[in-house]
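Working notes, structure below.
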Amino acid sequence: MVPSMTVTPKIRLFVEHPLAEEQQVTLSREQAHYLFGVMRLTTGAQVALFNGQDGEFRAEVVEAGKRGGMLVCLDQTAPQSMPPDLWLMFAPIKKARTDFIVEKSVEMGARRILPVQTKFTNSERIRQDRLQAHATEAAEQCGATFVPEVTDLHRLDRLLADWPEGRQLMFCDEAQAGAHRRLPDTDAPWAILIGPEGGFSDAERARLHALPFAHAVALGPRILRADTAAVAALTLWQTTLGDWQ
């Protein structure tokens with residue numbers, strides 16, 4: 001007789017709760033609505049849970065209600081996996097395209113996402129809680145066991161003035177289009193900076209070029225939109241220094 005194989009549930013849910021075999025997990029009203037109202041799950045159904053620390057666990061619905069519910073963890077289906085120590089810094093743009101950048105940053109392995117305000121940034125405000133929710137949804141969809149933090153908006157000049165020692169910075173400069181520069185091969189933590197749609201100001205560009213930890217790169221011979229540039233830059237870094245090697 002051929003033994004049956006355990007199938008990982010298709011529905012994944014991020015929870016802020018410790019996970020272990022036989023651990024009970026109480027659902028919030030919003031989570032219960034999603035599982036039982038939207039996805040139509042009932043008692044006995046299985047979902048995959050992760051919390052960013054304990055890996056992924058297969059869990060069974062033991063209580064299902066309109067305002068709450070409870071799951072019980074059965075077994076671990078994936079170990080905890082951390083992305084590289086990589087930040088993505090970007091100037092917010094139109095709402096849907098900012099959402100796209102956050103979503104793709106999670107899928108492509110950024111550990112921290114920092115919206116930054118530059119001289120030519122189009123948006124002076126963001127909804128940090130909404131962007132964090134997008135990051136969580138992206139992790140649920142792409143099979144990640146870690147959800148990057150999305151910070152509130154930082155001023156670029158202040159961020160650079162208080163830069164953490166040892167972290168390298170790759171900044172994408174459209175003025176470098178057509179040039180070819182190699183990133184230093186180092187195990188140090190990194191950050192990627194994507195400028196606004198209007199580009200960096202002359203003062204910002206001069207300051208970045210003067211920083212000893214900053215490395216200007218070109219993303220091909222054409223000027224890319226900010227959201228396209230974010231994906232291209234993450235791909236370049238991951239294939240050169242990240243976990244795609």
Side-chain angles (χ1 to χ4, degrees), residues 12-14 16 30 34 52 83-144 146-160 162-164 167 169-177 189-201 203-205 207-208 214 216-220 222-238 242 244:
R12 303 180 77 244
L13 187 68
F14 174 78
E16 295 181 350
E30 292 76 15
Y34 170 69
D85 191 355
L86 174 67
W87 297 356
L88 179 76
M89 302 157 54
F90 72 98
I93 45 181
K94 293 180 180 179
K95 180 180 177 181
R97 289 167 61 192
T98 291
D99 294 347
F100 175 89
I101 291 175
V102 170
E103 176 183 307
K104 299 310 171 187
S105 299
V106 177
E107 293 180 17
M108 301 186 74
R111 191 180 294 193
R112 195 171 187 226
I113 302 169
L114 300 88
V116 295
Q117 185 176 12
T118 68
K119 182 175 181 179
F120 299 137
T121 298
N122 291 338
S123 177
E124 297 183 354
R125 295 181 180 179
I126 62 166
R127 281 281 307 278
Q128 185 273 339
D129 57 340
R130 188 178 63 81
L131 294 179
Q132 186 65 63
H134 273 289
T136 300
E137 292 171 5
E140 291 172 342
Q141 292 295 320
C142 74
F146 177 80
V147 179
E149 174 196 12
V150 182
T151 72
D152 210 343
L153 190 66
H154 292 267
R155 276 183 47 174
L156 178 61
D157 57 348
R158 294 178 180 174
L159 193 60
L160 294 176
D162 195 29
W163 193 255
R167 184 172 295 275
L169 173 63
M170 167 182 144
F171 72 96
C172 304
D173 186 359
E174 68 271 16
Q176 301 289 315
W190 278 82
I192 294 172
L193 172 61
I194 306 295
E197 291 182 320
F200 295 113
S201 69
E204 289 168 340
R205 182 175 288 107
R207 182 178 185 183
L208 286 165
V217 299
L219 299 177
R222 291 165 291 279
I223 295 176
L224 305 180
R225 290 191 347 175
D227 46 345
T228 308
V231 174
L234 285 163
T235 302
L236 173 64
W237 189 90
Q238 284 284 30
W244 290 14

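All values reported here derive from a predicted model rather than from experimental measurement.
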Are any non-hydrogen side-chain atoms of Ile192 and Phe90 less than 4.5 angstrom apart? no

Who passes side chain to side chain contact (heavy atoms under 4.5 Å, CB included) against Ala229, sequence neighbours left out? Ile194, Leu219, Leu224

Under 3.5 Å, is there a donor-acceptor pair between the side chain of Arg112 and the main chain of Ala191? no

Working to the nearest 0.5 Å, report the span between CG of Asp85 and CH2 of Trp190. 12.5 Å

Residue set satisfying side chain to side chain contact (heavy atoms under 4.5 Å, CB included) with Phe120, at least two apart, ordered chain then number -> Pro196, Ser201

Which residues pass the ring pair (Phe, Tyr, Trp, His ring centres under 6.0 Å) test with Trp163, sequence neighbours left out? Trp87, Phe213

Can you list the steps and then say if Ile101 with Ile113 is a side chain to side chain contact (heavy atoms under 4.5 Å, CB included)? CA-CA 9 Å; Ile101 291 175; Ile113 302 169; 5.8 Å; no

Main-chain N/O of Lys119 paired to Glu204 side chain as donor or acceptor, under 3.5 Å: yes

Could you state the interatomic distance from CD1 (Ile126) to OG1 (Thr98), rounded to the nearest 0.5 Å? 8.5 Å

What residue pairs, at least two apart or across chains, pass salt bridge (charged side-chain N to carboxylate O under 4.0 Å, His left out) with a residue in residues 86-103? Arg97-Glu197, Arg97-Asp227, Asp99-Arg130

Taken in chain and number order and not counting sequence neighbours, the residues that satisfy salt bridge (charged side-chain N to carboxylate O under 4.0 Å, His left out) with Asp152 are none

Rounded to the nearest 0.5 angstrom, the OG1-CD1 distance for Thr228 and Ile223 is 12.5 Å

For the pair Asp157 and Arg207, find out whether any cationic side-chain nitrogen is under 4.0 Å from an anionic carboxylate oxygen. no

Ring pair (Phe, Tyr, Trp, His ring centres under 6.0 Å) against Phe14, all qualifying residues, sequence neighbours excluded: Phe50

Please give me the minimum heavy-atom distance between Pro83 and Gly109, naming the atom from each residue. CB-O, 3.4 Å

Please check: side-chain N/O of Arg12 versus main-chain N/O of Ala144, any donor-acceptor pairing under 3.5 Å? yes

Residues passing the salt bridge (charged side-chain N to carboxylate O under 4.0 Å, His left out) test with Asp129, sequence neighbours excluded, are Arg127

To the nearest 0.5 Å, what is the distance between CG (Leu208) and CG (Asp173)? 8.0 Å

Heavy-atom pair with the smallest gap, counting every atom of Ala226 and Gly195: CB-O, 4.2 Å

Report the residues that fulfil side chain to side chain donor-acceptor pair (under 3.5 Å) with Thr136, sequence neighbours left out, ordered by chain and then residue number. none

Among residues at least two apart in sequence or on other chains, which ones pass side chain to side chain contact (heavy atoms under 4.5 Å, CB included) with Ala135? Val102, Val106, Gln132, Val147, Val150

Scanning both residues in full, the closest heavy-atom pair of Trp244 with Met108 reads CH2-CE, 3.5 Å

Side chains of Met89 and Leu159 in contact at under 4.5 Å (non-hydrogen atoms): yes

Does any part of the side chain of Arg225, heavy atoms only, come nearer than 4.5 Å to the side chain of Ile93, both counted from C-beta? no

When you compare the side chain of Val217 with that of Trp237, does any pair of heavy atoms fall below 4.5 Å? no

Non-neighbouring partners of Phe146 that pass ring pair (Phe, Tyr, Trp, His ring centres under 6.0 Å), sequence neighbours left out: none

Are more than 12 heavy atoms from other residues, nucleotides or ligands located less than 6.0 Å from atom CD of Gln128? yes

Please name all residues satisfying salt bridge (charged side-chain N to carboxylate O under 4.0 Å, His left out) with Arg111, sequence neighbours left out, ordered by chain then number. none

With side chain to side chain contact (heavy atoms under 4.5 Å, CB included) as the criterion, how do Met170 and Leu236 come out once you've worked through the C-alpha distance, each side chain's angles and the decisive distance to 0.1 Å? CA-CA 10 Å; Met170 167 182 144; Leu236 173 64; 3.8 Å; yes

Under the rule for side chain to side chain contact (heavy atoms under 4.5 Å, CB included), what residues qualify as partners of Gln117, not counting sequence neighbours? Thr121, Glu124, Leu153, Arg155

Close side-chain approach of Leu193 and Val116, heavy atoms under 4.5 Å: yes

